[in-house]
Every structure is written in C-alpha cells, then in structure tokens.
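Report on the structure given below.
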Amino acid sequence: MNRLLKLALLSLATSPMLVQAIAPVRVAGSSADPSARLTYRSGEVIVKYRAGMKGQASDTLRASQGQRAEARYFDGRFERLKLTSVVDVPGALKMLAADPAVEYAEPNFLRRPMAAIPNDPLFAQQWGLRNTGQANFVSGGPAGIAGADMNLVEAWDSLGTGIADRTGRGNVTIAIIDDGFEITHPDLVGNLVNGYDFADNDSDPSPTSADESHGTAVAGAAAASGNNGIGIAGAAWNEKIMPLRFAYDVASELRALDYARNNGARIVNASFGGPSYSLAERDAISVLNNAGILFVTSAGNQDSNIDISGASYPANYQLPNVLAVAATNRQDGVASFSNYGSTTVPVAAPGLQIVTTTLGGGYTTAGINGTSFSSPYVAGVAALIRDYYPSATVAEVKARLIESGQVGLDPSNPVNLRTAAGRVDARQALNLLPRPSLVIRPVQASSYTLAYDTGNVDVPVLVPATVEDGASGNGSLDPGETTTLRVTVENLWLAATNVRTTLTASGAGVVVNSGTASLGALGPGVIQPVDFQVRVPSAVSGHQYVQFALAITADGGYTATRRFIMEIGKLSLGTTASQSFAPGLYDEFHTWSFDVTSLPAGSNRLVVQSTAVNDVDIFVRYGEPTQYNVDLGAGVPTTEGDPEPFYFVNVPDTQRGDAAANGDETITIDTPRLGTYYVTVVNFDGIQGASYTLRAALENTPPPPGSGGGGGGAMPPALLVMLLGVVGLRRRKAA
C-alpha cells in the first residue's frame, strides 16, 4: 500500500472528526488515479450517529440529499447509506458533515482476503499462478494483466485468512510420462515417488543427456514443493510425482501407462503428442478410465483447430478421462502457438514464459513456452481436487475443471471461443457445489451425422439424418442449402432436469431456424443428440468460418454456452477460386469441398492446383477432410533421416501436393470417383494475409510419364515408410 495512503487511513482511524478528515483520502471521482477506486465501494457510505441519536430521525434529510438507508446496525447508531447517481461519495460525506446528529461518516472501505503467498523466491515471476502484471521476459513484449492467472493463491487459502491450507496433503500421485527427470532436484525430491525408465529398462528415470530437460520442467509446474524457501512453487505443493521416462513411442508409452495404473497413480500427465491415431494408445487410456485415472494432455503447439482437421493425439481422443489443455498468455488470451478446439479442448491454462524447474538444480528464469506446461498446471489442480474430494470420480474432477472455466480478461481473444469452457480457475474448481456439467461433442452436418455409442464414445457412427435441401448431401455447409446439424450434448456430473438448448450462428449470413429444443432430463454420463435446421445463403462464396453457439439451460439456474466452428468453402469444377488467409492468429488452414457428380466421356483424371507466392501446401481426400499436423520442428531430420514438416493421418486416401517452395502445387488423381472431395490448404510459412488461388477440374489428358498414376509429386522412400508405418509411432513433446 502507498505510504501516503497508509498515513491518510491512520489519520481517519484516530481523528475525532472523521467527516473533516476524509478529504485527504482518494475517493471515487478522482479519475486521475484509477487504482483509488479499488479502496472502497462506490455509491455507499457508513455513518455513525451521536449517542442518543438514530438514523431514522434523519430519513427525510437523507432522501432530499440522494441517500437511502440500506441497513442499520447496533440499535440504529450505524447505517449503510446507498447513494443515488446524482451524488458521489465525497459529496455525500460533505453533506453529512453538516448534520449535527452525525458523529462521523466514512466510505465503505473494501477488504480483501489475505493472500497465501509462498516464500519461494521465484514465485513473483510465476505469472501463471499469480499475475500481478509482471513485465514480459522479452524486451518490448506486452506485460501481463493483473488477475490473468489460475487463481491459485486464492485456491490454496480456503478461508481467505492468509494461511495456505489447501496445497495438497500428499494423498494423490501424478504420473508424468516424459523424457527424463532430475530426481535430485531440491524442489522436486521431496515429492517424488518411485518411477521407471521405459526407454532404457531400468529403475532410474534420470535424463541421459543435457537435452532431456522437458520432464523436469513439466514436473515442476505440476508439483514443485511450495513455501520451502527455494526456487518456485508448483500448482500442488505437496502432491506426489511419479517420474516415468519413455522413448517417445507408443510401445514404451503403453508400458508407462500400465506402470502408472498398477502403482497408485490417480492422474497421468502427457505433455506430448503426434498426428497418428493409435488404437493401442486409445485402448490403454480407456483402461485407465476404467481404473478411475484422469488423463491430462497438452493440446499441441501447431496453432491448429483440432476440432475440424488438426491431428494431435492423444488430445484428439474423445474418451471420458481425456482432458486436453490449451495454452494462455500473460494477457489471458489463447497463446499464438497453441492448438485449440471448442469441442475437443475443454480448458486452457498458462503456457507462455513459464518459470519452472530445470536440470542442474536450476530454473527456467527466462521462461519456457508450450502447452506442455499448461497441461501439468491443470494436472496439479486436478490432484488438489482428488485430494480434498477423495470420492470424486474422473467425471467429477473433469467437470469441476470445466465448470470453473473463465472467459479471460482479453476481450479481443476470449478463451471460451477456442476451448469448451475457458481458462481454469483453481479456486472455483475446488469450491463448486455439485452441479450438472453439460458439454458438446464434435458436430457434423448432414445427410449423415455423428452419433456416439455410450460404451465406445470416441468412435463416431454414421446415422441417417434429414437430407440436405437442394444440395448433394455431402455433409458440408454449402451455399443455398438447408442442412441438419446434429449437436450431441453430454452431462458429466450431477443430473440435469428440463435441459433446453438454443443454437445461434455468426458468420456468412447463416441462419438457424429451428429455435429452442428441449432435451428433458439428462442424468450423469447421459449423451443426447439434438437436431437443428441451418440455412446457408446461396450468395455465400469463398472460404468462410461460421461460429455456432449453443446456449444450454437447466432447472436450478444452470447455464452454459458451448461453441463450435464450421467451414464453408465450395469449389465448382473448372472454376478458379481466389482467397486470402486472414491477418492475425487462428487462420492458417482452409478446407474446401467440391462434388464430382458425373464423369464425362474421356475424363480419366482429376487435377487440383494451387498457386501462391508464399509457401502454401495442399492436401486432397475423398469423402471427408484430411487431418493434418504442421510440425514446428520442420526440416529437422527424423531418425529415419527425412525432414518431417508435415504429418497427416488419413494416409490411404490422402493425396499431398508436390511440396514446392512456393504455393504452386498440383495433385493428380487417376480414375476419380463420384462423390465429394475435400481440399485442405495450409499456409505453411504463416505469412500474414497470404493469398492463393485454387482450382479443381476433370481432364482427359494422360498423366505424364513417371508420375506413378496420381501421387502429385515424388514421395521420398523414407516418408513413405513413415506414412505406412503403424507400429512404434513416434510421439513428440509439446514443448
């Protein structure tokens, strides 16, 4: 507190005439000092009347001066006066000074809970745990916004007394699967339990090289010892860490997951990912769900919307125990590098310039970036929930984290536009009373739509729905058609009654014309589809995003808004479309569709071409959009010796362009099929506002010699091996 303000408050506390002494106190209306507005409640004052006098005698005077008694205390000698808009606090105090019945009057000063600040010397730099507006570590970078954090200080102090009584009691073990752990680190050693090295098959999970610092940094974010006078504090000061080193492949990951399951872990943190769907990985995580183990994982760092086409596993698995986490920045928006997805990524947490533990007993004092660190922050909060609610199921822990979600303090980049719920609030997650938690699953347009078998909820089943009006029934949002959207709602926690939903759309003039739909009662774990009719104007052209918002209400005051994004991008065969990527973030990938409704005589191949000055890449897939993953380590040789700027997972039907340095690419498909093809255009080098043209046409010219019948450019043998391989798929840390 400012020293002059302290002196002013002391003079108020000791002066026999507080009304006269109020002038030095900064009050509302002193617009030159906005922080002063935080010292008391505007529009209210407290009055004490002289002995023998009570406020009732002055009610008429109060009313004439724009004051009204809201409450009286101590037999009427104290009053809280509510002011009208015509008088402010200084004006009211001046008028009260002239009332002989008033002993003194003062503002209704605010009081705040005492903060449970740990004594770790680097805690002041841990903006993700307590953001006070700390300066950026990069010269010239934007400072933080006070309060743009996980509210952990308030979570640790359950009573607001300044005592950290909720930092973990050591009852919950977080298994961290990563590259290696400095098990002698002074900020970790007190919380470590036995782990294992599944890369070298021994009981020591320590790093084998100086490059293996990732696991140590992740462990510190989750559960470094707090208030121990050294280094940093983790999200959970006293919970246990099970260090499991693996070889960044599925085989060693499976062994680590099995070890965690058999040795008491209740939470797994997986700060890694890759583009390939692994049935073995998915099934192993499902076994963890049956054992009551929450699986927290990083969303990935490819700036991709993994709802619609981005491939990032295990984040993409729609399993009940999987919780994918996006990264936020110091200003409380989604970080520029972070993957996101309003149906696939439930929550976000700080992931930029994170100060945490590193090798040599040290700390990343310059900060480290990535969803790798958002994930363990949330895993630490999950551990606190499981410790203080020992009977909480996986669904309840996940629901508490989701229902705690905050929009964020950056109005230009709301976190709940790109995640299901927003940025995690640890205090809210720990304090919530039981309630429903209604979320939505990925959405598909019709004539086919996605339903889910409750016994196998991440595997979509195509079911019939209303056929599109005046269009091909290709499952896309196309201009000039009315389409059925089936939105699947799931209740994670307490039973909900009288559930009502309303869908609205923003973008491209799309209209939802089916109004409010009732789902009735949804018990815990119940999944219920609801259909809406959506009309797309015929004049829509080019590639556009449509933002949908599903407002959900239920009896008891429950409300939530869940969002999802769909794309419009219709190509006509033989016509060239021109498009630009929007400046700024979150627009690096466009998916277009076109229909092959007939094959004229002599048409023996389909040619898709792009042109652009910048490096634009294209992928084509029949029947559904391609999933893609742009590797931030582009050009770094793999163990197979081949650079890997791209992964893509729908390998059997996906065609890739010829990877030219510019955006002039061609994909040739021999003997095309009737039906819908999808073209994904990728702004590979991320040039702001990059433009391109796109054209698809049926041709009857024979393919050039040596083309191999339609691959669209030579494919290096090593890349072919990587694409066709299934066993031993590599996994990447999401640093």
Side-chain angles (χ1 to χ4, degrees), residues 275 299-312 326 329 333-342 412-414 417-418 476-479 506-510 540-547 563-572 575-594 608-621 625-632 634-635 645-648 654 656-667 677-696:
N301 301 330
Q302 290 80 39
D303 183 22
S304 301
N305 184 340
I306 65 175
D307 277 357
I308 45 182
S309 298
S312 183
N329 56 29
V334 174
S336 61
F337 56 81
S338 179
N339 284 355
Y340 54 94
S342 51
S412 67
N413 186 8
L417 287 183
R418 294 183 174 83
S476 296
L477 290 180
D478 292 329
S506 175
V510 170
V540 172
S541 62
H543 178 276
Q544 297 192 44
Y545 296 108
V546 181
Q547 175 82 55
R563 294 172 169 81
F564 59 93
I565 294 173
M566 299 190 75
E567 297 176 276
I568 298 176
K570 192 67 176 177
L571 275 179
S572 297
T575 301
T576 299
S578 299
Q579 187 72 36
S580 295
F581 292 99
L585 307 176
Y586 316 119
D587 187 29
E588 306 292 352
F589 313 94
H590 291 171
T591 294
W592 300 72
S593 68
F594 61 88
V608 182
Q609 294 176 304
S610 67
T611 62
V613 173
N614 304 113
D615 192 356
V616 170
D617 284 52
I618 58 174
F619 299 88
V620 174
R621 177 169 166 78
T626 296
Q627 285 186 291
Y628 49 79
N629 181 293
V630 180
D631 188 348
L632 292 183
F646 283 98
Y647 291 99
F648 46 97
T654 298
R656 178 183 175 181
D658 47 20
N662 58 18
D664 300 340
E665 298 208 348
T666 300
I667 293 176
Y677 285 85
Y678 292 84
V679 186
T680 297
V681 184
V682 182
N683 183 10
F684 178 71
D685 52 12
I687 298 298
Q688 297 287 292
S691 60
Y692 63 90
T693 67
L694 191 64
R695 185 177 188 274

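Only this structure's heavy atoms are used, side chains among them; waters, hydrogens and symmetry mates stay out.
- Closest heavy-atom contact between Ala612 and Ser691: CB-O, 3.4 Å.
- To the nearest 0.5 Å, atom CD of residue Gln544 and atom CG of residue Leu477 are 11.0 Å apart.
- When atom types are taken as modelled, the side chain of Asp307 and the backbone of Ser342 share a donor-acceptor pair closer than 3.5 angstrom.
- The closest side-chain heavy-atom distance from Tyr340 to Asn305 is below 4.5 Å.
- Annotation: side chain of Ser593 is in contact with side chain of Asp478 (closest heavy-atom distance under 4.5 Å).
- The distance from atom OG1 of Thr591 to atom CD1 of Ile308, rounded to the nearest 0.5 Å, is 6.5 Å.
- A pairwise comparison of heavy atoms in Pro479 and Lys570 identifies CD-CB, 3.8 Å as the closest pair.
- One N or O on the side chain of Asn339 and one on the backbone of Ala299 form a donor-acceptor pair closer than 3.5 Å.
- The side-chain heavy atoms of Phe594 and Val608, taken from C-beta on, include a pair separated by under 4.5 Å.
- Arg418 and Asn413 share a donor-acceptor pair across their side chains, judged by distance under 3.5 Å alone.
- For the residue pair Glu567 / His543, a side-chain donor-acceptor distance below 3.5 Å is found, with atom types taken as modelled.
- Here the OG-CD distance, from Ser541 to Gln579, works out to 8.5 Å after rounding to the nearest 0.5 Å.
- Between Val613 and Ile687, the closest side-chain pair of non-hydrogen atoms is not below 4.5 Å.
- Judged by distance alone, the side chains of Thr693 and Ser578 never bring a donor and an acceptor atom under 3.5 Å apart.
- Nearest heavy atoms, Val334 versus Tyr586: O-OH, 2.5 Å.
- No side-chain donor-acceptor contact under 3.5 Å links Thr680 to the backbone of Phe619.
- Residues Phe684 and Val616 form no side-chain contact, since every pair of their non-hydrogen atoms from C-beta on lies 4.5 Å or further apart.
- The side-chain contact (heavy atoms from CB on, under 4.5 Å) search around Gln609 returns Val607, Thr666, not counting sequence neighbours.
- Rounding to the nearest 0.5 angstrom, the gap separating the CG atom in Asp617 from the OH atom in Tyr692 is 12.5 Å.
- Asp587 places no side-chain N or O within donor-acceptor distance of the main-chain N or O of Phe581, the cut-off being under 3.5 Å.
- Of all heavy-atom pairs between Ala508 and Val546, the closest is CB-CG2, 4.2 Å.
- Here the CE-OG distance, from Met566 to Ser476, works out to 7.5 Å after rounding to the nearest 0.5 Å.
- Counting all heavy atoms, side chain and backbone alike, Asp664 lies closest to Asn662 at N-OD1, 3.0 Å.
- Note that the CG atom of Asp303 and the OG atom of Ser338 stand 8.5 Å from one another [nearest 0.5 Å].
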Leu694/Leu571 under side chain to side chain contact (heavy atoms under 4.5 Å, CB included): CA gap, chis, key distance, verdict:
CA-CA 8 Å; Leu694 191 64; Leu571 275 179; 3.7 Å; yes
